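We name chains A, B, ... by the order of the sequence lines, and we start the count at 1 in each one. We use all heavy atoms of the structure for the numbers below, so side chains are in, but hydrogens, waters and symmetry mates are not. Since this is a predicted model, take the numbers as computed values, not measurements.
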Amino acid sequence: MTSHPLLAKLNTAQREAVSLPIGPAQIMAGPGSGKTRVLTHRIAWLVQEMDVARNRILAVTFTNKAAGEMRQRALELLESQDQDGPGFEWRRPMAIGTFHSICARILRVEYEQTPYERNWVIVDADDQKSVIKEILASRAASNDNEFAVLADISRAKDRGLTASEFAAQASSVLDVRLAPIYADYEKVLRANNALDFDDLLMHALRLFRGNQDVLDRYRARWPHILVDEFQDTNGTQYELVKLLAAYPDSLQSLFVVGDEDQSIYAFRGANRRNLARLRRDFPSLRTVVLEENYRSTQQILDVANSLIQHNRGRTHKELFTGNPDGQQVVLVDAAGGDSEADWIARSTASLLNDGAFGHEDIAVMYRTHALSRALEEAFLNHRIAYRLIGAVRFYDRAEIKDALAFLRFLVNPLDALSLARIINKPARGIGAKTLARLIECRDQWGLSISDALTVACRGPEAVAHMAPDAWERHPSPFTGRALRSLQVFESLTAEWRERLYTEDLTIDAGLFLADVLESSGYRARLVASGEQDEHRLENLDELVGLASEFEPESDAEELALNPVELFLEHVSLISAADERDDDEPKITLMTLHNAKGLEYPVVYIPGVDEDLLPHFRARDTGDREDIEEERRLLYVGITRAERLLFLTRADQRFVSGRTMRYRESRFLNEIDPGLLIRETWPQWRAVGQGSSLGGRQADAYRVRPSRHDWSSIEANPGPTAAAPARSQFKAGMNVRHRIFGSGKVIGSKLLADGDEEVTVAFRQHGLKTVLNSIAGLEPA
DNA sequence: CAGGCGACTGTTTTT
DNA sequence: CAGTCGCCTG
Ligand SMILES: Nc1ncnc2c1ncn2[C@@H]1O[C@H](COP(=O)(O)OP(=O)(O)OP(=O)(O)O)[C@@H](O)[C@H]1O
């Protein structure tokens, strides 16, 4: 093959994939084999070698962050190659995003062909949950689990069924039971002009199916489609791809990459068999297999191979690499969750002190967020900076959601869910009763919630489209205090909307938000409540800053949305994995799900215990598929590691208020024992000491984590012998912690070894219990 | 209607 | 443990 510069840094199979002729293609390959890299190069190849205009390309990634990175790399590839492109049209951006963000964009533009009004909003999981809860309560079905109901509705939507279509085909007892609940749910969301995540996909698909001209336009717009992580597409996503790529006379320029062994989102409808389905739907599909792994050492790959071969019904693959040999994979058997975390922190500290690895090289990946707690404490004790992905997201915080709810309601006058959230913040005497009456008015008067509010406050002439007899049938129920409270709020919203649509396209979303927070009294309430809410104010300030700085994608003009509307859309679609990296060096803590597609030189996977991984919920169903998905999850985690991999487990952990005992995961038994080095921690545990001693006591033992050379530097001097024998801290004292900053002592306990356990309410970090010897608290 | 307190319960993973 | 619910009081 004559070598094109774009192909220079690819192996033979990768080159073949990148330079395939236009037509349906599927790249099937194991982890670390360069799938994402191939996809990115393919984009550049299409533009450069196939003369495809950039804006004729649609590329789908799994997260927004991955989309950003892919765009960046593709542009770099193109820039380094062609200096002077053929002109403006060629330079228009390619569409790269997640299925959800692409569908949102389409529905935003084409809203007239959908059941929604302009300025529809996306509801988050909390809103979904509260809607379902209310519905279940109203149907005396409160003991139904709202998560299960939502999952069932989600499944219905993945089949493309609206509530009435679902009801029409329901035959099983469960479906018949679900149908009216789904109907109510759909009704509430529509009444609020709101879509959930599944609606974004389903309504995009329905839009295409129901409007040939719209479909034709998008087919013409994106003749070239590329999809990353295809093994985790769901039914609707598959149909969307098929609809856009396969039609008479289409180029069928579809390029997907995936790995059935890395499918880990079945719980939300993903179907790894979509890879095989493609072969049936596109008979001329070319398949390229990439075999060589560029990420990991053979030691790590051997462990991965050894594990995944226990899954049935998969195409056998044997991962191999030409990378240099590395360390054996280590399995640590810890006494408890605390000592497990402590081991990880010590090991991390050693690696960092050695200088062989930096913070950004190291990640910890666990099955559930609950495991992060013990780890956080251990890292704090060892003064190792960490970044937590996805646990309490910035955009999930109460004050952030409140602030956004103000904006949402102003943008979407039908949004009663957001109104309910903020109408009484700060407290202005509008309680549940008043709100319920207002919603009743909305329904009786046939108005938006916003207009209903206006009519209630200023009478029926205040809005344009009120049915003539509606007021007589249902006069306003508000009088006295409730009415005055509503009027105050109504005039505020009127002023805000006035400003919003006067400045409109020129508005600064951040300044506007700041104004709303100020004039609503929301900010003042937080200021008044003092220290404990200081961090909330900081968060709000940050949000204001983010809103001001936010720059929509360059093709946003076609939407004709103002900056507030664009910002709302952006934050609704942002995900855990997208959170901004700050520049400080920190190690990363995240779930195995969030680790998909990433790679780190050093990976720790704690909690490799039966009932955690595989999780007991997966075991409970007794479904082999569920266990296999758990196995894939561990497989994904293992294959993130480039050079060092540590699996750890613990005999017992403190979970939801009590100590639970654990056995090691069945997955550990499946891995060839010759591939793992086993260690015990604390080491003395093996010689007869009870394992009931927690990690805190273990701190006293200055045992090194292992015999490997990279652990030779002691990171933590451990508790000092000079700890005072008398309590130094009393409740009410102000103290200062090197990491947590200032706080107030809540309580303190003197320990047998003379050390002191102090509970402090930190201003920034909340309540923590620290050991004086380690924390080095100073009176402040 | 606001806010506090005690009882109770229990997401595994997320766009 | 920690978030949520409902009851109680002011
Ligand atoms: N031909 C190559 N030469 C050198 N490095 C390569 C080559 N191909 C891929 N790599 C590197 O291997 C690593 C894995 O690549 P990439 O992330 O594209 O793999 P992947 O198959 O998408 O992985 P996964 O499925 O695990 O997410 C990256 O660091 C990439 O730069």
Side-chain angles (χ1 to χ4, degrees), chain A residues 60-67 97-104 122-126 128-130 133 137 142-143 145-148 150-151 154 157-158 195-201 229 232-234 236-237 263-270 337 365-374 389-393 395-396 398 424-435 480-482 485 525 529 572-578 590-596 607 611-621 626 629-630 632-634 636-637 653-660 766-767 769:
Chain A
V60 185
T61 59
F62 202 71
T63 63
N64 298 302
K65 189 174 182 183
T98 63
F99 275 107
H100 290 91
S101 66
I102 289 159
C103 289
I122 302 169
V123 292
D124 66 19
D126 276 3
Q128 281 183 289
K129 207 176 106 181
S130 54
K133 256 185 151 156
S142 300
N143 36 4
N145 179 311
E146 63 259 29
F147 296 109
L150 280 167
S154 173
K157 291 184 180 181
D158 189 36
L195 289 86
D196 65 21
F197 276 100
D198 299 310
D199 287 329
L200 294 175
L201 307 175
E229 309 276 16
D232 274 324
T233 51
N234 68 22
T236 309
Q237 292 166 342
S263 172
I264 55 177
Y265 281 94
F267 72 92
R268 63 173 213 218
M365 304 170 183
Y366 35 77
R367 175 69 237 258
T368 71
H369 284 300
L371 283 187
S372 73
R373 260 223 138 59
I389 308 286
V392 187
R393 293 173 46 211
Y395 289 99
D396 283 341
N424 205 29
K425 284 178 189 168
R428 42 169 58 94
I430 306 174
K433 268 266 167 55
T434 305
L435 188 63
R481 224 173 47 201
S485 303
R525 186 189 67 154
S529 72
S572 300
L573 287 168
I574 228 166
S575 76
D578 304 328
M590 66 184 134
T591 62
L592 289 161
H593 283 92
N594 270 322
K596 172 164 156 150
D611 287 354
L612 280 176
L613 184 59
H615 197 270
F616 70 94
R617 301 292 291 239
R619 171 176 52 83
D620 273 359
T621 64
D626 287 347
E629 176 140 324
E630 298 283 307
R632 289 194 292 271
L633 206 40
L634 178 57
V636 166
R653 307 169 185 276
F654 203 63
V655 201
S656 40
R658 57 208 194 90
T659 302
M660 305 258 282
L767 219 54
T769 299

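- Inter-residue side-chain proximity for Asn64(A) and Ser101(A) is flagged as met; some heavy-atom pair is nearer than 4.5 Å.
- For dG6(C) and dT11(B), the C1' atoms lie 23 Å apart once the distance is rounded to whole Å.
- OP1 or OP2 of dT14(B) sits under 4.0 Å from a side-chain N or O of Asn594(A).
- Distances shorter than 4.0 Å separate some side-chain N or O of Arg373(A) from OP1 or OP2 on dA2(C).
- Checking Leu435(A) against His100(A), the closest nucleotide of DNA chain B that is more toward the 5' end is the one next to Leu435(A).
- What separates CD of Glu229(A) from P of dT14(B) is a distance of 15 Å, to the nearest Å.
- For the pair Phe99(A) and Arg428(A), both in contact range of DNA chain B, the more 5′-proximal nearest nucleotide belongs to Arg428(A).
- In this structure the side chain of Leu573(A) reaches within 4.5 angstrom of the side chain of His100(A), judged on heavy atoms.
- As judged by a 4.0 angstrom heavy-atom cut-off over every strand, Thr434(A) is placed among residues touching the sugar-phosphate backbone only.
- If you take CG of Asn64(A) and P of dT15(B), they are 9 Å apart, rounded to a whole angstrom.
- Between the side chain of Thr98(A) and the main chain of Thr63(A), no donor-acceptor pair closer than 3.5 Å is present.
- Rounded to whole Å, atom P of dT14(B) lies 16 Å from atom CG of Asp198(A).
- Among the atoms of the strands shown, only primed sugar atoms or phosphate atoms (P, OP1, OP2) are found under 4.0 Å from some heavy atom of Asn424(A).
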Please tabulate the protein-to-nucleotide N/O contacts below 3.5 Å involving nucleotides 8-12 of chain B, giving atom names and distances.
{"residue": "dT12(B)", "atom": "OP1", "partner": "Arg617(A)", "partner atom": "NH1", "Å": "3.1"}
{"residue": "dT12(B)", "atom": "O4'", "partner": "His615(A)", "partner atom": "NE2", "Å": "3.4"}
{"residue": "dT12(B)", "atom": "O2", "partner": "Arg367(A)", "partner atom": "NH1", "Å": "2.4"}
{"residue": "dT12(B)", "atom": "O2", "partner": "Arg367(A)", "partner atom": "NH2", "Å": "2.1"}

Verdict with supporting geometry, Thr61(A) and Glu229(A), side-chain contact (heavy atoms from CB on, under 4.5 Å): CA-CA 7 Å; Thr61(A) 59; Glu229(A) 309 276 16; over 6 Å; no
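- Put simply, the side chain of Asn424(A) gets close to the backbone of Ile430(A): a donor and an acceptor are under 3.5 Å apart.
- In this structure, the nucleotide among dG3(B), dT14(B), dC5(C) sitting nearest to the side chain of Ala427(A) is dG3(B).
- Contact check for Leu592(A) versus Leu634(A): no side-chain heavy atoms found under the 4.5 Å cut-off.
- A distance-only check finds a donor-acceptor pair linking the side chain of Glu629(A) to the backbone of Ala266(A) [under 3.5 Å].
- Between the NZ atom of Lys129(A) and the P atom of dT14(B) there is a distance of 15 Å, rounded to whole Å.
- Looking at the side chain of Thr591(A), the nearest of the listed nucleotides dC1(B), dT15(B), dT13(B) is dT13(B).
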